[in-house]
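Scroll down for the structure; my scribbles are underneath it.
Treat the numbers as computed from the prediction; the structure is a model and nothing was measured. Scope of the values below: all heavy atoms of this structure, side chains included, with no hydrogens, waters or symmetry mates.
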Amino acid sequence: MSVFAKATASPSRSKRTLLSSLAIVGASALVLAGCATDGGETPSGGDGGELSLKLGTALPVTGNLAFLGPPEIAGTEYAAAQVNEADAGIQVELIQGDSGDTDNKAYETEIPRLLNEDVSAILGAASSGVSLQFIDQVVGAGVIQFSPANTSAAFTTYDDKGLYFRTAPSDVLQGEVLGNLIAADGHETLGMIVLNDSYGTGLAKFTQEAFEAAGGEVVSQPTYNTGDTTFDAQISEVLASDPDAIALITFEEVSTMLPSIVSGFPAENLYFVDGNLANFSDELAPGTLTGAKGTLPGLSVDTIAEFTSALSEFYVGSGQPELTEFSYAAESFDSVILLALASLAAGSTDSAAIAEKLQEVSGGSGNGEKCTTFADCADIINGGGVADYDGISGPISFDELGDPTEAKVGIYQYGDDNTYSAYKG
């Protein structure tokens with residue numbers, strides 16, 4: 001089951017305001033009330049020669065979101081390969097980097113390294129908390145920061161000089177979906193274990209607001225910090241509050257928490273989020289998570305099976321191990337495609353020029369011709385038209401604030417094998 005949302009925002013990017021409304025409908029009864037690269041203005045297409053677009057990535061190779069690294073990196077590489085194969089007047093060079101997390105701080109050396117490579121944009125981080133550690137450094141250098149997975153609402157109002165974009169929706173939406181899902185399942189009390197960073201506390205806030213608006217009560221909400229390795233106190237506090245349901249708003253630390261939680265709490269009343277919705281078949285005994293649910297922004301894996309199959313084939317063919325997770329792979333793919341299209345439309349690899357065209361090529365300006373592949377969109381641009389790219393992850397359509405105005409949040413459920421699939425209820 002997916003929930004489709006269209007969000008509207010103020011037309012002023014210099015004065016960011018919170019999303020003014022979220023009109024949400026669903027397929028089910030769940031209805032929710034200075035280091036920039038060359039500044040030359042090279043014409044697009046063949047007249048002025050080929051553009052060479054250099055992009056860096058700061059995705060989680062290490063840290064508490066490392067399980068998201070392979071699908072996100074694969075998505076960027078696959079997109080770059082398609083751009084380069086199209087030979088439409090632009091070539092993409094990717095320089096992969098590691099964001100790490102706020103514990104190992106890999107970004108402290110990686111971001112300067114990428115900026116020194118004169119990239120036009122840096123893709124990442126996946127973690128909102130990590131992105132907030134270096135966004136000032138990136139946009140202060142006049143470079144675009146483009147995340148495929150940041151969901152914190154903090155970025156909507158952030159003073160980013162018009163250089164921050166994301167293909168993942170704000171947690172205003174995911175929290176609304178999650179809170180209403182828990183209530184719709186008949187639960188009246190809720191406990192949460194929450195990562196103490198911008199992502200965790202923000203998503204917990206929006207989940208609580210939705211759940212309480214539906215008549216529920218949050219009875220406990222202990223937090224923990226990145227780098228913590230024991231969670232006995234948080235687990236004991238939540239279980240002692242005797243909630244009907246528990247929402248785990250965490251990253252990969254959930255693997256350490258689960259054995260203690262499920263020993264005294266029914267799995268079918270557990271709820272996961274995008275930061276920890278993963279395949280646990282190799283970690284837990286069969287049946288451990290049967291019935292547990294979770295939310296994940298983006299189209300369901302079932303819906304984009306053709307893409308994930310092609311992505312897996314590409315990734316293995318490039319000498320990498322088989323992918324077992326696909327979270328935010330589509331959003332990462334779309335990020336590279338959009339940056340390449342914006343560069344082509346601008347006729348430049350200058351960061352500011354690309355940023356000026358990102359809303360247009362995403363369809364946010366409302367006057368483009370629909371297209372669903374880089375090659376088709378590039379043909380429109382090179383022919384003098386305006387392209388409106390509808391991506392693998394959805395229509396996207398950036399608003400003036402760099403947020404997607406149309407997004408979906410999928411609802412998933414774990415089976416006896418401890419892997420998740422689209423919820424059929």
Practice task
Examine the side chains of Ser421 and Gln413 and answer whether a donor and an acceptor come within less than 3.5 Å of each other.
Solution key: no
Practice task
Determine, for Phe272 and Lys293, whether the Lys NZ or Arg CZ falls below 6.0 Å from the six-membered ring centre while staying within 45 degrees of the axis.
Solution key: no
Practice task
For Arg166 and Thr156, test the side chains for any donor-to-acceptor distance below 3.5 angstrom and give the result as yes or no.
Solution key: yes
Practice task
Start with the C-alpha distance between Asp197 and Asn225, add both sets of side-chain angles, then the distance that settles side chain to side chain contact (heavy atoms under 4.5 Å, CB included), and finish with yes or no.
Solution key: CA-CA 8 Å; Asp197 75 350; Asn225 297 312; over 6 Å; no
Practice task
Establish, from distance only, whether the side-chain atoms of Thr250 and Asn276 form a donor-acceptor pair under 3.5 Å.
Solution key: yes
Problem - Side-chain donor-acceptor contact under 3.5 Å, Asn279 with Thr324 - result: no
Problem - Stepwise side chain to side chain donor-acceptor pair (under 3.5 Å) check, Thr230 with Asp232 - result: CA-CA 6 Å; Thr230 59; Asp232 293 345; 5.9 Å; no
Exercise for the section: For Glu188, look at atom CD and say whether over 12 heavy atoms of other residues, nucleotides or ligands are found less than 6.0 Å away. Expected result: no
Practice task
Give the ring-plane orientation class for Phe333 versus Phe307, where under 30° counts as parallel, over 60° as perpendicular and anything between as tilted.
Solution key: perpendicular
Practice task
Taking atom types as modelled, find out whether Ser131 and Ser128 have a side-chain donor-acceptor pair closer than 3.5 angstrom.
Solution key: no
Handout entry: Residue pair Thr189 / Glu217, side-chain donor-acceptor N/O under 3.5 Å
Key = no
Exercise for the section: For residues Thr76 and Leu55, determine if any side-chain heavy atom of one lies less than 4.5 Å from a side-chain heavy atom of the other. Expected result: no
Handout entry: Contact check, side chains of Tyr224 and Ile193, non-hydrogen atoms, under 4.5 Å
Key = yes
Handout entry: Student check: side-chain heavy atoms of Ile144 and Tyr164 closer than 4.5 Å
Key = no
Practice task
Before accepting this row, confirm whether a basic side-chain N of the pair Arg113/Glu117 lies closer than 4.0 Å to the acidic partner's carboxylate O.
Solution key: no
Exercise for the section: Drop me the distance from Asn418's CG to Ser281's OG, to the nearest 0.5 angstrom. Expected result: 7.0 Å
Problem - Test item: Leu195 and Thr226 side chains (from C-beta on) under 4.5 Å apart, heavy atoms - result: yes
Exercise for the section: Kindly indicate, with the supporting measurements, whether the criterion side chain to side chain contact (heavy atoms under 4.5 Å, CB included) is fulfilled by Asn150 and Tyr199. Expected result: CA-CA 8 Å; Asn150 286 167; Tyr199 162 79; over 6 Å; no
Handout entry: No-hydrogen, no-angle side-chain donor-acceptor test under 3.5 Å, Ser348 and Asp350
Key = no
Practice task
Could you label the plane-to-plane angle of the Tyr78 and Phe314 rings as parallel, tilted or perpendicular, counting under 30° as parallel and over 60° as perpendicular?
Solution key: tilted
Problem - Any donor-acceptor N or O pair under 3.5 Å, side chains Gln359, Asp399 - result: no
Practice task
Just say parallel, tilted or perpendicular for the rings of Phe134 and Tyr107, cut-offs at 30° and 60°.
Solution key: tilted
Practice task
Go through the side-chain N and O atoms of Glu253 and Asn64 and say whether any donor and acceptor fall under 3.5 Å apart.
Solution key: yes
